Amino acid sequence: MGSDQVCLLCGIREPCGPTWWGSEQRRAAEEIAQEILNLPGSLDISADELTSILQAKVFAVELGSVDTVIPNYTVREAVDYGCDHDSIAIGHFDRSGGYQLCRHHGRSLHPSGDGVEVRRVRSSVGGGLFGESVKIERGERIVDRNKTTDCGLWAQDSWAYSCNLWIHAACWTYLLEWLDCPLPPRDGRNGRPLDFAGEFYEIASTRQDRRLSWRGSLPCINYGGTLKAFDEGDQYQDCILGPRRGVKHLRRALKEGLRDERLIPAVLKDCRFWMFVRPDLWPRAPLPGPYDPNPIAAVSNIAPQPQAAICRLPNELLPELLEHVQLADVFSLASTCKDLYTRVLDRTTLVFTVRHAMANLSSPLLWIMPVASLREEWLAACEAMETWMPPQPPRPPTFAGVEFPEDDEEDEEYVPSDSFEESDLSSTTDEEFASERYSEDEDGSLEEPVTDDEDEGLKGNLTDVPVPIPPNPTTLPLPALPLFDPMFPLLTFLRAYRHSDSMRSRRRRWELVKQWDVLFANYRRDGWERDEDMCLPGTTWALDAKGNLRCQCSEHGKL
């Protein structure tokens with residue numbers, strides 16, 4: 001029996017989130033209808049009518065067909081996680097995909113984090129089993145369909161627990177780039193410091209509370225509601241209605257008079273479907289620009305407030321203060337009074353704040369920047385930011401691009417020279433062509449023609465011109481972000497940033513990495529929480545004659 005194991009960081013299965021409403025749609029429709037009607041305020045609709053609308057107009061629409069049902073609305077980015085559906089597998093793997101437990105010390109023991117292998121994999125068949133291995137060379141993807149990778153919770157030869165794990169490729173990069181733990185890496189069983197993958201492997205495998213059966217998630221991590229997409233304790237992460245929290249957006253849509261498929265976006269918002277949206281879809285400009293780079297029109301709507309102590313901060317300290325708050329708090333702080341509005345949302349202040357946050361792992365604003373090591377993400381961010389830039393004036397034409405008109409009078413006066421005519425060339429005999437192979441020396445004597453043997457000698461002295469190798473596309477310099485262009489409407493862009501489902505999903509991953517900051521700090525300071533499952537010091541693992549990864553401990557011969 002299969003199951004949907006989830007990414008250890010984001011809590012979403014491979015490669016996407018839930019794809020249908022749930023098995024108990026009738027019951028869910030009745031609960032939602034009753035919940036709405038119990039709220040204060042009247043709606044011109046009965047419970048039975050609302051239940052019927054939800055069943056016939058909302059839950060009857062499949063997630064993949066929402067794009068065709070509702071104009072100008074799409075959820076395709078939530079179904080397709082992106083990153084070429086790749087994941088990162090970490091652990092110990094033989095040709096069968098996993099390892100065999102060591103059973104020679106009274107219990108089943110596992111390899112430690114020393115020397116773990118990191119693979120890029122894809123094509124999950126469920127249960128943490130991947131059927132393809134991927135290598136990226138010079139930007140080209142090389143897929144090996146004959147290499148199986150087993151990251152399931154159960155070892156390949158029994159129902160015993162396995163320590164191999166997997167994580168989405170993008171989440172792995174976010175963890176590497178965003179982790180902020182000042183403590184040095186911990187030493188492994190061989191006395192040498194563990195690499196990052198080895199530490200990640202041991203943290204996940206030595207927690208006092210094991211990873212959840214069938215799902216692979218860690219109980220100590222708060223995934224924000226994604227695990228509720230498992231329908232009624234089922235082992236598949238399919239249920240959209242599971243993470244639902246309240247009916248605020250649906251009730252607002254009903255008050256606006258909507259009674260058909262146009263209620264779907266409101267239901268998805270109540271179900272927090274934004275958690276499953278790809279985290280690399282940067283907001284695009286809704287309309288052609290130009291946009292006001294620093295609109296201050298809302299100042300008149302802010303009531304005058306007594307001047308607080310923060311208003312008296314010098315301009316040099318205000319950006320540094322904003323660097324340590326969330327993006328939503330920046331706008332909340334600006335709304336307190338007119339003075340702070342003009343100072344906080346000033347372009348100079350925002351640019352200084354964002355630039356410093358890019359180099360500060362502890363800044364809550366670091367997540368709003370694309371990760372440079374994810375090249376496609378960086379390029380996608382640049383492309384989206386370009387849509388906010390004002391139209392550029394046409395460039396002046398260059399000399400090569402200028403077309404000079406022909407002068408007809410000059411052509412009429414042109415008379416060809418008497419050098420030769422086309423008929424002269426056609427009348428040239430083979431003997432005349434052969435005589436042209438002779439050339440005159442300075443003294444007027446004829447030079448002997450070059451023979452075929454001499455031609456071969458000359459060819460031997462010639463060297464081939466080296467063909468330049470095209471540059472590696474993965475190492476080309478990244479373009480500069482338009483975000484810091486003087487004409488970029490930074491404030492308008494950040495407002496759209498706050499309301500983007502993709503960016504909210506990105507921020508959730510940032511908050512999850514901050515939970516891993518604590519796990520890494522505790523591990524590097526205190527070591528394992530549970531050490532009875534790891535192999536004894538000095539135990540090595542190697543392939544046997546059948547290609548299985550087995551322990552090579554002193555008790556190996558007693559198996």
Side-chain angles (χ1 to χ4, degrees), residues 2-15 81 83 85-94 96-101 108-134 147-156 159-176 179 186 188 194-221 223 226-227 235 237 509 512-513 515-516 519-520 523 528-531 533-535 541 549:
S3 64
D4 282 338
Q5 289 192 19
V6 298
C7 170
L8 204 56
L9 178 75
C10 68
I12 301 175
R13 66 180 175 181
E14 199 278 339
Y81 187 81
C83 304
H85 301 296
D86 288 353
S87 298
I88 302 297
I90 301 173
H92 299 271
F93 310 105
D94 55 20
S96 299
Y99 62 87
Q100 293 192 356
L101 301 172
S108 299
L109 301 180
H110 306 264
S112 63
D114 300 292
V116 294
E117 182 182 352
V118 179
R119 291 182 178 180
R120 194 180 185 98
V121 295
R122 56 171 292 154
S123 297
S124 173
V125 296
L129 183 64
F130 297 85
E132 296 178 349
S133 178
V134 181
K147 182 174 289 187
T148 303
T149 302
D150 189 0
C151 295
L153 288 178
W154 310 110
Q156 61 179 2
W159 286 97
Y161 194 87
S162 173
C163 294
N164 289 348
L165 52 91
W166 69 273
I167 181 174
H168 284 130
C171 291
W172 175 245
T173 307
Y174 296 147
L175 186 63
L176 289 171
L179 189 76
R186 194 172 184 83
L194 291 171
D195 59 10
F196 189 85
E199 289 187 292
F200 184 65
Y201 168 91
E202 290 202 350
I203 292 174
S205 303
T206 60
R207 301 293 302 174
Q208 195 64 45
D209 295 330
R210 293 178 179 272
R211 286 183 286 160
L212 298 180
S213 299
W214 304 110
R215 299 180 185 178
S217 56
L218 278 174
C220 60
I221 296 293
Y223 292 95
T226 58
L227 300 184
Q235 57 203 42
Q237 194 182 34
R509 284 166 174 79
L512 288 166
V513 172
Q515 296 184 53
W516 280 94
L519 296 185
F520 267 84
Y523 166 78
W528 299 341
E529 282 192 357
R530 188 189 69 250
D531 60 358
D533 293 339
M534 287 295 172
C535 62
W541 297 71
L549 188 62

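Keep in mind the model is a prediction, meaning the values are calculated, not measured.
- With rounding to the nearest 0.5 Å, the separation of CG in Leu218 from OH in Tyr223 is 5.0 Å.
- Looking only at distances, a side-chain donor or acceptor of Gln237 sits under 3.5 Å from a matching main-chain atom of Thr226.
- Using a 4.5 Å heavy-atom cutoff, the side chains of Ile90 and Phe196 are not in contact.
- The two residues Asn164 and Arg211 have their closest heavy-atom pair at O-NH2, 3.2 Å.
- Here CG of Asp114 is found 6.5 Å from CD of Glu202. Values are rounded to the nearest 0.5 Å.
- Looking at heavy atoms from C-beta onward, Glu14 lies in side-chain contact with Phe130 at the 4.5 angstrom threshold.
- In this structure, the side chains of Ile221 and Leu519 come closer than 4.5 Å at one or more pairs of heavy atoms.
- Side-chain contact check for His92 versus Val116: some heavy-atom pair is nearer than 4.5 Å.
- Looking only at distances, a side-chain donor or acceptor of Glu529 sits under 3.5 Å from a matching main-chain atom of Gln208.
- Here the straight-line distance linking atom CG of Leu109 with atom CG of Asp533 works out to 7.5 Å at 0.5 Å rounding.
- Residue Leu8 comes nearest to Ala204 through the heavy atom pair CD2-CB, 3.6 Å, listed as atom of the first residue, atom of the second, then distance.
- Side-chain atoms of Tyr523 never come within 3.5 Å of backbone atoms of Arg186 as a donor-acceptor pair (strictly under, hydrogens ignored).
- Contact of the Ser87 side chain with the Trp172 side chain is not registered, since no non-hydrogen atoms from C-beta on lie closer than 4.5 Å.
- Note: Leu153 CG to Arg210 CZ = 9.5 Å, rounded to the nearest 0.5 Å.
- Centroid-to-centroid, the aromatic rings of His168 and Tyr174 stay 6.0 Å apart or farther.
- Side chain of Arg530 to main chain of Ser205: a donor-acceptor pair is present (N/O by atom type, distance under 3.5 Å, no hydrogens or angles).
- Ring geometry for Tyr99 versus His110: interplanar angle over 60°, hence perpendicular rather than tilted (30 to 60°).
- In this structure, Ile12 and Arg509 have side chains that are in contact, with non-hydrogen atoms separated by less than 4.5 Å.
- Put simply, the side chain of Trp166 does not reach to within 4.5 Å of the side chain of Ser124, judged on heavy atoms.
- Taking CZ of Arg13 as the start and SG of Cys7 as the end, the distance is 14.0 Å to the nearest 0.5 Å.
- Summarising the geometry, atom CH2 belonging to Trp516 is positioned 7.5 Å from atom CG belonging to Leu9; distances are rounded to the nearest 0.5 Å.
- Here the side chains of Trp541 and Asp94 are not in contact, with every heavy-atom distance at 4.5 Å or above.
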